[in-house]
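Everything below concerns the one structure shown next.
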2 protein chains.
Amino acid sequence: MSGTEPVRRTTRQRSAVLAVLDDLEQFRSAQEIHTELVRRGDSVGLSTVYRTLSALVADDDVDTLLRDDGETLYRRCHGETHHHHLVCRSCGATVEVDGPAVETWADRLAAEHGFDEVSHTLEIFGRCEKCRV
Amino acid sequence: MSGTEPVRRTTRQRSAVLAVLDDLEQFRSAQEIHTELVRRGDSVGLSTVYRTLSALVADDDVDTLLRDDGETLYRRCHGETHHHHLVCRSCGATVEVDGPAVETWADRLAAEHGFDEVSHTLEIFGRCEKCRV
DNA sequence: GGCTAGTTGAGAATGATTGTCAATCCCGGT
DNA sequence: ACCGGGATTGACAATCATTCTCAACTAGCC
């Protein structure tokens with residue numbers, strides 16, 4: 001079903017958002033990305049930032065992360081496959097990690113309890129070396 | 001530091017919120033809990049619902065869960081210790097699960113990358129038996 | 001150069017959550 | 001039972017991220 005990715009035109013705004021994402025290594029909120037665009041003098045409407053990010057997520061070009069306060073963070077990821085993140089709470093530095101054992105554990109557990117269509121979220125937060133006092 | 005839990009008085013409102021939490025087996029949003037209170041004719045101000053839930057979370061009497069859309073869900077849990085949840089996406093039925101291997105894996109991984117003050121979030125979503133078509 | 005459907009953006013709307021602050025209530029002391 | 005004061009409440013405003021609206025704009029194609 002589908003596979004018919006809706007056509008995405010190449011616009012100045014879309015390119016600008018992608019440029020910011022490519023430059024930033026950390027997870028950033030839509031608001032922060034918008035601010036960065038303004039700072040660069042390459043201003044893009046806030047609505048457009050949200051729309052573009054949603055499209056990128058739908059196309060699996062960007063990863064998302066839900067912060068404790070419910071705000072959504074975005075980041076361009078390198079790994080093609082499913083992976084998790086080890087994120088620094090202060091600076092946002094991110095390490096992509098695999099957790100094959102966790103995946104199978106979660107699936108088996110769910111199956112044992114009669115659940116199907118299983119998915120899971122797993123993120124690790126901490127403080128990286130550079131952010132120690 | 002601290003240990004001095006601020007005193008919590010016993011009020012009608014606090015009891016009402018706890019009563020609802022005890023009756024419900026699933027994760028529920030603050031808004032839903034507020035609505036349920038009104039339905040019971042045991043109305044409590046929305047601010048108070050939020051305040052009470054925050055206090056309960058601070059006292060480790062209630063567990064929270066962040067839904068995909070960023071809304072916070074609350075539930076009274078039985079396990080004393082740290083645990084995770086297997087939650088049904090349609091009906092909210094919840095199974096409390098342990099994941100000792102995951103804990104150590106996460107901690108070791110974080111340490112290897114020079115992170116400290118590590119915490120993590122892990123929730124499993126699926127569709128329970130009763131909710132199959 | 002035009003056509004047209006996808007795209008944009010300013011601002012309004014939504015919805016959860018938090019802040020304000022005067023009125024009210026719990027509870028230990030009396 | 002009666003006080004007094006600090007904890008608690010609640011109606012409402014304020015905040016904040018995110019989504020919606022819709023007229024104006026533009027990329028890609030003839």
Side-chain angles (χ1 to χ4, degrees), chain A residues 2 4-21 24 26-59 61-75 92, chain B residues 2 4-21 24 26-59 61-75 92:
Chain A
S2 91
T4 320
E5 303 257 316
V7 188
R8 314 266 194 220
R9 289 188 183 167
T10 307
T11 65
R12 175 186 68 78
Q13 292 84 344
R14 168 168 290 260
S15 307
V17 171
L18 279 171
V20 169
L21 285 171
L24 298 177
Q26 304 113 337
F27 273 95
R28 283 286 142 84
S29 70
Q31 307 275 351
E32 287 171 331
I33 291 170
H34 175 250
T35 301
E36 172 63 17
L37 284 166
V38 173
R39 175 170 22 246
R40 295 187 178 196
D42 213 356
S43 183
V44 173
L46 187 54
S47 312
T48 303
V49 172
Y50 275 103
R51 263 189 307 244
T52 305
L53 288 171
S54 301
L56 290 170
V57 171
D59 294 350
D61 288 327
V62 165
D63 273 18
T64 61
L65 187 56
L66 221 51
R67 206 168 42 191
D68 314 37
D69 67 353
E71 193 168 353
T72 305
L73 305 182
Y74 302 84
R75 176 175 185 268
Chain B
S2 91
T4 321
E5 304 257 315
V7 188
R8 312 268 193 219
R9 289 187 182 169
T10 307
T11 65
R12 175 186 68 77
Q13 292 83 345
R14 169 168 288 263
S15 307
V17 170
L18 278 171
V20 167
L21 285 171
L24 297 177
Q26 303 113 337
F27 274 95
R28 283 286 143 83
S29 71
Q31 307 276 349
E32 286 171 333
I33 291 171
H34 176 251
T35 301
E36 172 63 17
L37 284 165
V38 172
R39 175 172 21 249
R40 295 188 179 196
D42 213 354
S43 185
V44 172
L46 187 53
S47 311
T48 304
V49 173
Y50 275 102
R51 263 188 306 246
T52 305
L53 288 171
S54 302
L56 290 170
V57 170
D59 293 349
D61 288 327
V62 166
D63 273 17
T64 61
L65 187 54
L66 221 50
R67 206 166 43 190
D68 314 33
D69 67 354
E71 194 168 352
T72 306
L73 305 182
Y74 302 84
R75 176 174 185 268

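As the structure is a computational prediction, the values presented were derived from the model and not from experiment. Reminder, nothing fancy here: chain letters follow the sequence lines and each chain counts from 1.
The side chain of A:S29 places no N or O atom within less than 4.0 Å of a non-bridging phosphate oxygen (OP1 or OP2) of D:dA17. For B:Q31, no side-chain nitrogen or oxygen approaches OP1 or OP2 of C:dG15 to under 4.0 Å. For D:dG10, one of the phosphate oxygens OP1 or OP2 lies less than 4.0 angstrom from a side-chain nitrogen or oxygen of B:T48. OP1 and OP2 of C:dG11 both lie 4.0 Å or more from every side-chain N or O belonging to A:S47. B:R12 has a side-chain polar atom (N or O) that falls below the 4.0 Å cut-off from OP1 or OP2 of D:dG10. For B:Y50 and C:dT18, the shortest distance from a side-chain N or O to OP1 or OP2 is not below 4.0 Å. Not one side-chain nitrogen or oxygen of A:T10 sits closer than 4.0 Å to the OP1 or OP2 atom of D:dA27.
A:V62 approaches A:R75 most closely through the heavy-atom pair CG1-O, 3.4 Å. Closest approach of A:V38 and A:S43 over heavy atoms only: CG2-OG, 4.1 Å. Closest approach of B:A58 and B:R8 over heavy atoms only: CB-NH2, 4.2 Å. Nearest approach of A:A30 to A:L53, heavy atoms of both residues: CB-CD1, 3.7 Å.
Taking atom CZ of residue A:R28 and atom P of nucleotide D:dA17, one finds them 15 Å apart after rounding to whole Å. Remark: P of D:dT9 and CZ of B:R8 are 11 Å apart, rounded to the nearest angstrom. For the pair B:E32 CD and C:dT17 C1', the computed distance is 15 Å after rounding to whole Å. If you measure from atom CG of B:L53 to atom C1' of C:dT18, you get 14 Å, rounded to the nearest angstrom. Following rounding to the nearest Å, B:L46 (CG) and C:dT20 (P) show an atom-to-atom distance of 17 Å. Straight-line distance from the NE2 atom of A:H34 to the P atom of D:dA17: 12 Å, rounded to whole Å. Across the protein-nucleic acid pair, A:Q13 atom CD and C:dG6 atom C1' stand 12 Å apart, rounded to whole Å. Computed from coordinates, the B:E71 CD to C:dT14 P distance equals 17 Å when rounded to whole Å.
Where A:T11 and A:T72 meet DNA chain D, the nucleotide closest to each residue was compared, and A:T72 sits on the side nearer the 5' end. Comparing B:G70 and B:R51 along DNA chain C, the residue whose closest nucleotide (by nearest heavy atom) sits nearer the 5' end is B:G70.
Side chain A:R9 to base C:dA5: a donor-acceptor pair is found below 3.5 Å.
Side-chain contact check for A:D68 versus B:L66: every heavy-atom pair is 4.5 Å or farther apart.
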